[in-house]
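Just passing along the structure, written as structure tokens.
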Amino acid sequence: MEMETKYNHQKVEENKYNNWKEKGYFNSGDKNKPPFCIVIPPPNVTGKLHLGHAMNVSIQDIIIRYKRMQGFDCLWLPGMDHAAIATEAKVVKRLKDKGIDKYEYGRDNFLSACWDWTHEFGDNIRSQWAKMGISVDYNKERFTLDEGLNKAVTKVFVDYYNEGIIYRGEKIINWDPEAKTALSNEEVIYKDVEGAFYHLKYFIEGTNDYLDVATTRPETLFGDTAVAVNPDDERYKHLIGKNVILPIVNKAIPIIKDEHADPEFGTGVVKITPAHDPNDFEVGNRHNLERIVVMNPDATMNEFAFKYEGMTREKCREELLKDLEQNGLLINIEPMTHSVGHSERTGVMVEPYLSKQWFVKMGELAKHVLETQEKKDEKVNFVPERFEKILNHWMEISYDWCISRQLWWGHRIPAWYKDDEIYVGMEAPKESGWVQDEDVLDTWFSSALWPFSTLGWPNNSEDMARYFPNDVLVTAYDIIFFWVARMVFQAEHITGQRPFKDCIIHGLIRDKEGRKMSKSLGNGVDPMDMIDEYGADALRFYLTTDVALGTDLRFDEEKVASTWNFINKLWNASRFVLLNIEDLKEARLENLKIADKWLLTKYERIIKSITKHMDKYEFNLAGAEIYDFIWNDFCSNYIEAAKFSIDSEVTKSVLYGVLSGILEMLHPFMPFVTEEIYSKLPFRTSDSLMISNYPKYEEQLIFDNETKSVDKIFEFISLFRKLKLENNIGSDFEVITSLKEDLILNLLKLNDKIVTNSKYNDTLEVVLDNYKIIICYDNSSNSEEEKNALLKEKESLEKSITRRENLLANENYVVKAPENIVNQERENLASEKEKLALVENRLKELGN
RNA sequence: GGGCGAUUAGCUCAGUUGGUUAGAGCACCUGCCUUACAAGCAGGGGGUCUGCGGUUCGAGUCCGUAAUCGCCCACCA
């Protein structure tokens with residue numbers, strides 16, 4: 001048995017993962033066990049995993065390993081997301097760097113470049129998963145763009161089309177001029193920007209009067225087809241029905257009345273650009289206004305912008321303002337901050353843009369979810385519960401979902417056109433002349449089907465029957481809108497069931513100052529660096545136990561280091577145990593002494609409590625309790641005591657039993673080091689800790705009375721040490737005591753210090769309940785310090801006694817509080833009174 | 001404008017259904033190389049739980065209210 005004195009995480013974590021994998025421990029499918037299933041939130045194949053992923057997969061692995069050890073047939077299904085727009089952007093850039101233009105390259109070549117990218121980054125992600133130690137079943141790995149998922153996506157599209165849930169329509173959508181595609185509302189991020197309110201003169205036709213029209217986007221005026229005033233706005237009532245002359249364009253457009261114009265806002269007059277603003281689009285519908293698109297897909301101005309054609313929207317604004325000013329049409333510029341939508345992926349300003357796209361009609365789907373969430377046994381249970389509100393809120397406000405994307409990397413829309421006809425189906429129409437829609441689907445459309453498409457749906461697969469609905473989904477709260485909401489309504493409409501029973505929501509990882517980690521701030525931390533430095537076990541334990549679920553974590557490397565210390569502690573405690581039980585053949589919990597009973601009781605209680613926490617996904621609490629148990633109960637108390645009886649079979653058996661249990665309890669959190677230590681046990685029940693059993697609570701190993709008295713003994717030991725230290729008593733002392741407890745005499749190293757008559761004159765009594773030791777020492781220089789310590793203690797005891805006496809004198813308290821609480825209070829009062837008496841005695845001896 | 005969360009020790013965070021004198025890690029102070037671990041051991045100091053009001057025998061915990069910070073959603077011509 002050899003173990004380094006210092007825990008070497010690199011050595012310990014090496015080679016274990018592949019061994020587990022090769023032995024098939026990650027595989028699912030044992031029909032003799034009850035099923036348990038989690039599907040991984042598929043990471044984008046765009047890059048490498050960050051700390052958020054590390055936290056996300058750590059939580060899942062903890063749950064899966066815990067359930068596996070409890071005898072479930074666990075399927076943790078891995079996979080990745082093709083991430084349509086994100087990946088496409090990366091591949092476009094990669095090609096561009098090589099001097100290749102996407103459109104010249106062509107669709108087929110481009111897609112093959114995307115697949116190359118996918119394989120490359122897929123391998124990368126898999127190797128990072130391996131470093132994290134996550135026990136996913138690679139036999140079931142899926143990709144959101146693989147054949148089976150494509151079939152699922154197509155079927156859903158076709159069915160929805162036939163049900164009238166999916167439709168094609170011309171609407172204002174969010175347009176990303178960089179990626180040249182439509183976006184959903186969720187993919188738009190609003191940022192406050194310093195802009196301006198440009199006040200322009202719209203002359204009233206045939207007069208020298210003008211309306212002051214304020215706009216933040218003057219360049220869209222080429223698409224103006226009206227100006228609107230509020231019907232109740234007295235200032236403008238007389239103008240309704242007249243025309244204004246559109247500046248620069250010199251075209252007459254009507255002044256209309258519409259509720260959309262807010263008399264309180266700006267000048268109360270609003271220009272109406274139906275093709276470039278969602279509100280104006282609605283106004284246009286109400287008044288049958290023409291829709292004029294004035295920009296090209298790349299957000300340069302088109303032919304409707306006359307001489308500005310070809311300019312970017314920014315350049316156009318600049319030039320236009322100059323011209324307006326020269327013509328005396330610019331009244332003033334009023335600086336203002338307003339919020340402007342930006343593309344989540346490319347970061348460019350989103351253009352509200354009139355365009356023909358495919359949409360999912362949300363009304364009924366959302367309503368169904370809201371109804372299901374009312375049903376206790378059918379709803380998705382959020383942990384923490386408060387996040388359910390986010391789901392419900394999304395369902396309440398949901399507008400139709402724009403699902404078509406003008407991209408190539410993704411599921412191609414199964415619609416074909418021939419003249420004015422549309423065909424939607426699983427296969428292309430047989431006749432010639434049909435042309436397939438060029439567009440692909442929003443990446444979230446396919447990931448919304450993930451909980452069941454990965455299990456073989458729409459085929460009637462065994463996996464589908466066995467593992468759906470999934471038991472748990474784990475994700476961060478920022479993804480509820482994007483993904484969770486869509487999985488829920490898709491599953492409930494398509495399968496009639498919730499996608500998963502429990503939805504566990506964790507927080508985001510920030511830097512130490514609480515800022516988001518980002519490339520531009522340079523404050524990102526690579527989980528792989530942390531693993532190199534402290535090991536995956538330390539990182540996993542830290543990420544999953546430092547904060548409660550749902551709360552953001554401020555990443556602090558020092559805490560990872562301190563988790564490493566904890567593992568080092570476990571390592572060394574194990575080293576002690578293993579070095580001393582090498583010859584143990586079997587563990588027999590017989591002839592237990594009180595210290596053994598004490599530890600076993602604590603141990604059983606920990607099992608009970610940890611199990612409860614694990615079942616409620618309270619990993620932070622489970623972590624804190626096991627940490628405290630190992631460090632304090634097991635190491636500081638039991639092992640220290642065990643040193644004095646290390647040759648006894650009982651001690652060895654208890655050390656073996658409790659250490660094994662500790663390894664089992666800790667294994668889901670830190671699989672590597674626990675497996676390493678487990679492999680060094682003199683005998684074990686299973687080849688690997690991974691497939692051994694999670695400890696079960698055993699009532700017969702609870703010894704309440706012994707535990708109470710040993711607790712008292714440890715309390716007494718602490719008191720002894722404290723008083724000895726407070727009174728500056730070094731090693732020159734003797735004791736007078738009738739105590740026989742080995743625990744006390746051994747741990748305090750008093751065996752050779754017991755006398756009946758001491759050579760020292762000064763004494764210090766250490767008393768707690770029935771335990772009493774008189775320390776004899778030379779106090780010539782210390783009496784003042786002892787006196788001060790005693791006075792301090794006296795004061796605090798008196799304070800506490802008064803508090804308790806008042807409490808117990810309160811009849812309401814005695815009558816209404818539970819009996820055990822009151823009794824406890826009485827006991828404490830009595831014991832404090834005893835202590836006080838002793839303190840006062842001693843003070844008298846010292847001459848007070 | 002609507003909603004959610006947070007506010008507890010110097011820092012980062014726990015704190016179950018209200019119940020002894022509110023906990024941990026790190027940092028700090030004192031004393032220790034005690035043969036598992038000095039990345040350790042034995043002790044210690046440090047908090048009127050953001051303010052105010054209420055319910056209760058009893059409030060960090062429940063209710064109301066105010067403040068500060070953060071996030072989400074909506075609006076922003």
Side-chain angles (χ1 to χ4, degrees), chain A residues 3 5-7 185 190 192 195 197 213-217 220 227-228 260-262 265-273 277 279-280 283 336-340 384 386-387 389-390 393-394 396-397 477-478 480-481 507-508 510 512 514 542 545-548 550-556 558-559 561-580 609 612-613 616 618 620-621 623-624 627-628 635-636 639-640 643 717-718 721-726 728 730 749 796 799-800 803-804 807 810-818 820-822 824-825 827-829:
Chain A
M3 281 176 87
T5 57
K6 215 190 235 181
Y7 160 56
N185 292 26
Y190 287 88
D192 279 346
F197 227 3
V213 177
T215 177
T216 54
R217 305 216 44 206
T220 62
V227 296
H260 169 60
D262 177 0
F265 194 86
T267 57
V269 186
V270 51
K271 71 192 215 31
I272 302 298
T273 324
D277 181 281
N279 288 315
D280 293 4
V283 176
M336 75 177 299
T337 305
H338 62 138
S339 142
V340 177
R386 64 175 185 273
F387 290 104
K389 286 181 194 157
I390 297 187
H393 179 62
W394 192 84
E396 279 154 14
I397 63 167
Y477 61 73
D478 64 336
I480 296 175
F481 268 39
L508 306 178
R510 302 177 173 278
K512 214 178 159 181
Y542 165 60
T545 63
D546 192 59
V547 287
T551 307
D552 287 353
L553 175 112
R554 293 188 183 207
F555 189 83
D556 185 351
E558 281 182 24
K559 288 196 180 187
S562 110
T563 307
W564 186 96
N565 289 355
F566 169 53
I567 300 176
N568 186 52
K569 183 76 181 177
L570 172 70
W571 179 262
N572 274 292
S574 304
R575 187 165 164 265
F576 171 83
V577 173
L578 293 168
L579 285 170
N580 286 293
S609 167
K612 195 186 81 192
H613 291 313
K616 291 162 80 178
E618 295 167 338
N620 61 323
L621 301 180
Y627 181 102
D628 177 63
C635 294
S636 297
I639 287 186
E640 288 309 317
K643 286 175 180 173
I717 289 170
S718 284
R721 286 168 173 160
K722 177 184 160 182
L723 291 176
K724 187 168 157 275
L725 206 76
E726 265 176 11
N728 281 324
K749 299 188 169 55
S796 104
K799 221 167 121 187
S800 180
R803 196 192 62 82
R804 287 187 209 280
L807 193 58
N810 182 339
E811 206 169 305
N812 267 323
Y813 170 74
V814 179
V815 173
K816 291 186 184 172
N820 60 327
I821 301 273
V822 177
Q824 187 64 52
E825 200 61 38
E827 275 177 42
N828 289 338
L829 179 61

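A note on names: the letters A, B, ... follow the listed sequences, proteins ahead of strands, and every chain is numbered from 1. Any value given below was found using the heavy atoms of this structure, including those in side chains, with hydrogens, waters and symmetry copies removed.
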What distance, rounded to whole Å, do you find between the two C1' atoms, one in B/rU35 and one in B/rU30?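 Going atom to atom, C1' in each nucleotide, I get 26 Å.
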Between B/rA24 and A/Y627, is there a base-stacking contact, meaning the centre of the base's six-membered ring lies under 5.5 Å from the residue's ring centre while the planes stay under 30° apart?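 No, aromatic ring not over the base.
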For B/rC76, take OP1 and OP2 only and decide whether either is under 4.0 Å from a side-chain N or O of A/N279.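 For A/N279, the contact criterion (side-chain N or O under 4.0 Å from OP1 or OP2 of B/rC76) is met.
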Shortest non-hydrogen separation from A/T5 to A/N568 and the atoms involved: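 Minimum heavy-atom contact is O-OD1, 4.2 Å.
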Taking atom C1' in both B/rG47 and B/rG54, compute the distance separating them and give it to the nearest angstrom.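 Their C1' atoms lie roughly 25 Å apart.
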Taking the inter-plane angle between the rings of A/F555 and A/Y542 on a 0 to 90° scale, is it parallel (under 30°), tilted (30 to 60°) or perpendicular (over 60°)?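 Because their plane-to-plane angle is over 60°, the rings of A/F555 and A/Y542 count as perpendicular.
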Report the nucleotide, chosen from B/rG43, B/rC26, B/rC71, that has the shortest atom-to-atom distance to any side-chain atom of A/L725.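 Closest of the options to the side chain of A/L725: B/rG43.
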Nearest-angstrom distance from the residue atom CD1 of A/I390 to P of B/rC72: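 From A/I390 CD1 to B/rC72 P: 10 Å.
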Closest to side chain of A/K569, choosing from B/rG19, B/rA14, B/rC37: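 Comparing B/rG19, B/rA14, B/rC37 against the side chain of A/K569, the answer is B/rC37.
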Just to confirm, is there a sub-4.0 Å distance from OP1 or OP2 of B/rG43 to any side-chain nitrogen or oxygen of A/R721?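 Checking B/rG43 against A/R721, a side-chain N or O does come within under 4.0 Å of OP1 or OP2.
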With the side chain of A/A548 defined as its heavy atoms from C-beta on, choose the nearest nucleotide among B/rG15, B/rA77, B/rA39.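 Looking only at side-chain atoms, A/A548 lies closest to B/rG15.
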Answer with yes or no whether A/E640 presents, from its side chain, a donor or acceptor under 3.5 Å of a partner atom in the base of B/rA36.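 Per atom types, the contact qualifies.
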Donor-acceptor contact present, side-chain A/N620 to main-chain A/T545, <3.5 Å: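 A pair under 3.5 Å: no.
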A/H393 side chain reached by A/F481 side chain, heavy atoms, under 4.5 Å: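 Yes; the side chains approach each other to less than 4.5 Å.
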What's A/W394 touching, base or sugar-phosphate or nothing? Going by heavy atoms closer than 4.0 Å.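 If one applies the 4.0 Å heavy-atom cut-off, A/W394 turns out to touch nothing in the nucleic acid.
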Confirm from the modelled atom types if A/D556 and B/rU12 form a donor-acceptor pair under 3.5 Å, side chain to base only.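 Absent.
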How many Å lie between CZ on A/R804 and P on B/rG19, as a whole number?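 Whole-Å distance recorded here is 16 Å.
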Counting side-chain heavy atoms from CB outward, which of B/rG19, B/rU16, B/rC73 is closest to A/A817?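 Looking only at side-chain atoms, A/A817 lies closest to B/rG19.
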For A/R510 and A/L553: C-alpha separation, side-chain torsions, deciding distance, then whether side chain to side chain contact (heavy atoms under 4.5 Å, CB included) applies. CA-CA 6 Å; A/R510 302 177 173 278; A/L553 175 112; over 6 Å; no
Closest to side chain of A/R575, choosing from B/rA77, B/rC37, B/rG5: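 The listed nucleotide nearest to A/R575's side chain is B/rC37.
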In whole Å, what separates the P atom of B/rU7 from that of B/rG60?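 Result for the P pair: 14 Å, nearest Å.
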Identify whether any heavy atom of A/K799 sits under 4.0 Å from a base atom; if not, whether one sits that close to sugar-phosphate; answer base, sugar-phosphate or nothing.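 Since no nucleic acid heavy atom lies under 4.0 Å of A/K799, the category is nothing.
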Which nucleotide wins on minimum distance to the side chain of A/K271, given the candidates B/rA77, B/rU20, B/rC13?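 Nearest to the side-chain atoms of A/K271, counting from C-beta on, is B/rA77.
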Atom CH2 of A/W571 to atom P of B/rA39: distance rounded to whole Å?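 Going from CH2 in A/W571 over to P in B/rA39 covers 18 Å.
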When you check the phosphate oxygens OP1 and OP2 of B/rG40, does a side-chain N or O of A/N565 lie under 4.0 Å from one of them?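 Yes, such a contact exists.
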Whole-angstrom distance between B/rG46 and B/rC32, as gauged at atom C1':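 The answer is 23 Å between these two C1' atoms.
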Is there a donor N/O on one and an acceptor N/O on the other, under 3.5 Å, for the side chain of A/S339 and the base of B/rC76?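 Per atom types, the contact qualifies.
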For RNA chain B, write out the stems as range with range, using runs of 3 or more consecutive Watson-Crick or G-U pairs with both distances under 3.5 Å.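 For RNA chain B the paired stretches long enough to count as stems (3 pairs minimum) are B:1-7 with B:67-73, B:10-13 with B:23-26, B:28-32 with B:40-44, B:50-54 with B:62-66.
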Between A/A261 and A/G268, which heavy-atom pair has the shortest distance, and what is it?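 The pair with the smallest heavy-atom distance is CB-O, 3.9 Å.
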Using only side-chain N and O atoms of A/S574, determine if any of them is under 4.0 Å from OP1 or OP2 of B/rA36.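 Checking B/rA36 against A/S574, no side-chain N or O comes under 4.0 Å of OP1 or OP2.
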Heavy atoms only, 4.0 Å cut-off, all strands: where does A/F197 land among base, sugar-phosphate and nothing?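 Sugar-phosphate contact only - A/F197 comes under 4.0 Å of backbone atoms but never of a base.
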Closest nucleotide among B/rG43, B/rA36, B/rC76 to the A/S718 side chain: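 Ranking B/rG43, B/rA36, B/rC76 by closest atom to the A/S718 side chain puts B/rG43 first.
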Please report the distance separating the C1' of B/rA22 from the corresponding atom of B/rU16, rounded so that it comes out in whole Å.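 Each nucleotide's C1' atom is 15 Å from the other's.
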Looking only at non-hydrogen atoms, find the nearest pair between A/Y813 and A/L807 and report the distance.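 Reported closest heavy-atom pair: CD2-O, 3.4 Å.
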Using the C1' atom as the point on both nucleotides, what is the distance between B/rA14 and B/rU61, in whole Å?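 It works out to 13 Å between them.
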Over how many whole Å does the gap from A/I480 atom CD1 to B/rC71 atom C1' extend?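 Spelled out: CD1 on A/I480 to C1' on B/rC71 is 12 Å.
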Within the 4.0 Å heavy-atom criterion, would you say A/K749 contacts the bases, only the backbone, or no part of the nucleic acid?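 No contact at all - A/K749 keeps every heavy atom at 4.0 Å or more from the nucleic acid.
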Side chains of A/W571 and A/M3: closer than 4.5 Å at any heavy-atom pair?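 They are in side-chain contact.
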When the distance from CZ of A/F576 to P of B/rG40 is rounded to whole Å, what number comes out?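 Rounded to whole Å, this separation is 18 Å.
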On RNA chain B, compare the nucleotides closest to A/N828 and A/N185; which residue's is nearer the 5' end?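 The 5'-side residue here is A/N828.
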Base B/rC26 to side chain A/K559, donor-acceptor N/O within 3.5 Å cut-off: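 By the distance-only test, no, there is no pair.
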Give A/K643 one of three labels, base, sugar-phosphate or nothing, depending on what nucleic acid heavy atoms sit under 4.0 Å from its own.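 Here A/K643 touches the bases of the nucleic acid.
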What distance, rounded to whole Å, do you find between the two C1' atoms, one in B/rU8 and one in B/rG25?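 It works out to 15 Å between them.
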Separation of A/N728 atom CG from B/rC32 atom P, in whole Å?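 The distance from CG of A/N728 to P of B/rC32 comes to 11 Å, rounded to the nearest Å.
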Give one of base, sugar-phosphate or nothing for A/Y190, where a contact means two heavy atoms less than 4.0 Å apart.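 Counting heavy atoms under 4.0 Å across all strands, the contact made by A/Y190 includes a base.
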Rounding to the closest angstrom, what is the interatomic distance between B/rA39 and B/rC33 at atom P?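 These two P atoms come out 15 Å apart once rounded.
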Measuring from the side chain of A/P818 (C-beta onward, heavy atoms only), which nucleotide among B/rG19, B/rC37, B/rC76 has the closest atom?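 In terms of side-chain proximity for A/P818, the closest of B/rG19, B/rC37, B/rC76 is B/rG19.
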Taking 4.0 Å as the cut-off, does a side-chain nitrogen or oxygen of A/R554 come that near to OP1 or OP2 on B/rU12?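 Yes, because at least one side-chain N or O of A/R554 sits under 4.0 Å from OP1 or OP2 of B/rU12.
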At 4.0 Å (heavy atoms only), tell me whether A/S800 reaches a base, stays on the sugar-phosphate, or touches nothing.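 Here A/S800 touches the bases of the nucleic acid.
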Let's see if you can work this out: which of B/rC73, B/rU12, B/rG5 has an atom nearest to the side-chain heavy atoms of A/F481?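 Of B/rC73, B/rU12, B/rG5, B/rC73 is nearest to the side chain of A/F481.
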To the side chain of A/S636, which of B/rA42, B/rC4, B/rU20 is closest?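 Selected nucleotide: B/rA42.
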Which whole-number value in Å describes the distance from A/I639 CD1 to B/rC37 P?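 Between P of B/rC37 and CD1 of A/I639: 12 Å.
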For B/rA14 and A/T551 - does any side-chain N or O of the residue sit under 4.0 Å from the phosphate oxygens OP1/OP2?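 Result: yes.
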Touch check for A/L508, heavy atoms < 4.0 angstrom, all strands: base, sugar-phosphate only, or nothing?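 No contact.
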Mind telling me whether A/F387 and A/Y477 have parallel, tilted or perpendicular rings, with 30° and 60° as the class edges?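 Rings of A/Y477 and A/F387: parallel, under 30°.
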Spacing of A/M3 atom CE relative to B/rU35 atom P, expressed in whole Å: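 Interatomic distance, CE of A/M3 to P of B/rU35: 19 Å.
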